[in-house]
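The block underneath contains the structure these notes are about, expressed in structure tokens.
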2 protein chains.
Amino acid sequence: MDELDHRIVDLLQRDGRATQLELSRSVGLSQPAVAERIRKLEERGIITGYTARVDASKLGKDITAFIGVSIEHPKYFEGFARKVLAMPEVLEAHRVAGQDSYILKVRTRNTKTLDTLLVETLRTISGVTRTHTTIVLTSIKEETYIHVSPEELKGA
Amino acid sequence: MDELDHRIVDLLQRDGRATQLELSRSVGLSQPAVAERIRKLEERGIITGYTARVDASKLGKDITAFIGVSIEHPKYFEGFARKVLAMPEVLEAHRVAGQDSYILKVRTRNTKTLDTLLVETLRTISGVTRTHTTIVLTSIKEETYIHVSPEELKGA
DNA sequence: AGTGAAAACCACTTAAT
DNA sequence: ATTAAGTGGTTTTCACT
């Protein structure tokens, strides 16, 4: 993982459909060299896939919310994890340090569907004692782009 | 935006490098018809781009945290927004309803860089009165995939 | 708006250095 | 890692439905 790999990863995060030839011109390598580096980046699991970014609101998902979930005992963690993995409205689920056991990020059609999610789905999962919902009013930034500065790559 | 568009968007979210021919076989259209639909989906801003997904921890970013930020008066909102847009460690910034004014999602190299971010950057922004940090222990789900069910597409 | 056929173009792979 | 060559595939275009 050197400076050139870093730049390739950077460029592919910006344009996941960039061709090897385009990338080779940007980084100053030959195109087969870029092909080989991409192959290794994928093999090592640094690049995990490629996706189209979509505008959620244009697909009818207008509500974003963060939900803190308290669970009464760790024995319920596994069952909870299994349930949220199966819920398509849950984009993220993180176990966290602090008062809540989990923080979820959800995207729903409207407040009614959010309500249904909360009371009919989440609150019925074993061990869930409390949920605390924070509704997003406007998102000023929402990206997945990982900025990698050269000094941070030493161990990679 | 009909059922076929929906399926194309779904497939491209799963594989952003799928070819028009592959997509055409999956949805049962001719390949030029798929090309035209993709062109329109991009033109209408439903598909906003394509990116490579990367493993943040393999790029040396081990810490994920959510930071609630209180701002003393709305007049500071714009300046705050401008600052966080310029911070590469901030992946998401949402203005929210509730006690906090903003929720940030950040990804940093380690706890030391998180600390620096908090005390040297965030807390020095005008109007910020309080921050409340929640550290992620493990992420059980983290995706951007928007699930679109057919009934939800009526207005799109 | 979709189809089929064909053209033009380009991407990726392989081989040799 | 590079260049060069070759192959296969992807996208574009067009005439037609």
Side-chain angles (χ1 to χ4, degrees), chain A residues 1-55 57-60 144-145 148-156, chain B residues 1-55 58-60 144-146 148-156:
Chain A
M1 191 79 199
D2 61 8
E3 170 67 16
L4 292 169
D5 281 333
H6 152 221
R7 286 176 56 197
I8 290 168
V9 169
D10 182 80
L11 291 163
L12 282 172
Q13 283 192 91
R14 294 174 197 271
D15 177 9
R17 298 198 68 133
T19 66
Q20 296 174 355
L21 188 63
E22 287 167 345
L23 296 170
S24 71
R25 287 177 184 138
S26 299
V27 303
L29 279 177
S30 68
Q31 175 262 314
V34 169
E36 181 63 7
R37 280 169 180 266
I38 292 173
R39 195 189 62 71
K40 285 180 183 158
L41 287 165
E42 291 171 349
E43 187 186 70
R44 294 162 61 197
I46 291 166
I47 293 174
T48 58
Y50 302 87
T51 65
R53 259 184 281 116
V54 304
D55 184 325
S57 69
K58 288 190 175 151
L59 290 175
T144 54
Y145 174 78
V148 188
S149 48
E151 327 81 73
E152 291 178 351
L153 293 167
K154 292 293 151 56
Chain B
M1 191 79 198
D2 60 9
E3 171 65 15
L4 292 170
D5 282 333
H6 151 221
R7 286 175 57 196
I8 289 168
V9 168
D10 182 78
L11 291 163
L12 282 173
Q13 282 192 93
R14 293 173 198 271
D15 177 9
R17 300 197 66 133
T19 65
Q20 297 171 357
L21 188 62
E22 287 167 346
L23 296 169
S24 71
R25 287 177 183 140
S26 300
V27 303
L29 280 176
S30 69
Q31 176 263 313
V34 169
E36 180 64 8
R37 279 169 179 265
I38 292 173
R39 195 190 63 71
K40 285 179 183 161
L41 287 165
E42 291 171 350
E43 186 185 71
R44 292 161 63 197
I46 291 166
I47 293 174
T48 60
Y50 302 87
T51 61
R53 260 184 281 118
V54 303
D55 183 325
K58 289 192 174 148
L59 290 175
T144 54
Y145 174 79
I146 304 293
V148 188
S149 49
E151 329 79 75
E152 292 177 349
L153 293 165
K154 292 291 152 57

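Quick note on labels: first sequence line is chain A, next is B, and so on, each numbered from 1. Note that the structure is predicted; figures quoted are calculated from it, not measured. What you see below is based on every heavy atom in this structure, not just the backbone, and it leaves out hydrogens, waters and symmetry mates.
Looking at which nucleotide of DNA chain C each of Arg17(B) and Leu4(B) is closest to, the 5′-most match is held by Leu4(B).
The distance between atom CZ of Arg25(A) and atom P of dC12(C), rounded to the nearest whole Å, is 12 Å. Distance, Asp2(B) CG to dA1(C) P: 10 Å, rounded to whole Å. dT12(D) atom P lies 13 Å from atom CG of Leu23(B), rounded to whole Å. As rounded to whole Å, 16 Å separates atom P of dG8(D) from atom CG of Leu21(B). Summarising the geometry, the separation between OH on Tyr50(A) and C1' on dA11(C) is reported as 14 Å, rounded to the nearest angstrom. Atom pair Ile8(B):CD1 and dG2(C):P shows a separation of 9 Å (rounding to whole Å applied). Rounded to whole Å, the distance from CD on Glu22(A) to C1' on dC12(C) is 14 Å.
With respect to the salt-bridge test (charged N to carboxylate O, under 4.0 angstrom), the residues Glu36(A) and Arg39(A) qualify. Salt bridge Lys40(B)/Glu43(B): absent, no basic N to carboxylate O contact under 4.0 Å.
Not one side-chain nitrogen or oxygen of Gln20(A) sits closer than 4.0 Å to the OP1 or OP2 atom of dA11(C).
Of the listed nucleotides (dA1(C), dA1(D), dG4(C)), dA1(C) has the atom at the smallest distance from the side chain of Arg37(B). Checking dT3(C), dA1(D), dT14(C) against the side-chain heavy atoms of Pro32(B) singles out dT3(C) as nearest.
Looking at heavy-atom distances under 4.0 Å, Arg39(A) makes no contact with the nucleic acid at all. Within the 4.0 angstrom heavy-atom criterion, base atoms lie near Gln31(B). Counting non-hydrogen atoms under 4.0 angstrom, Thr19(B) reaches the backbone sugars and phosphates but no base.
Counting only heavy atoms from C-beta outward, the side chains of Leu41(B) and Lys58(A) never approach each other to under 4.5 Å.
Between His6(B) atom NE2 and Leu11(B) atom CG the span is 9.0 Å, to the nearest 0.5 Å.
Under a 3.5 Å cut-off, the side chain of Arg53(A) and the backbone N or O of Thr144(B) do not form any donor-acceptor pair.
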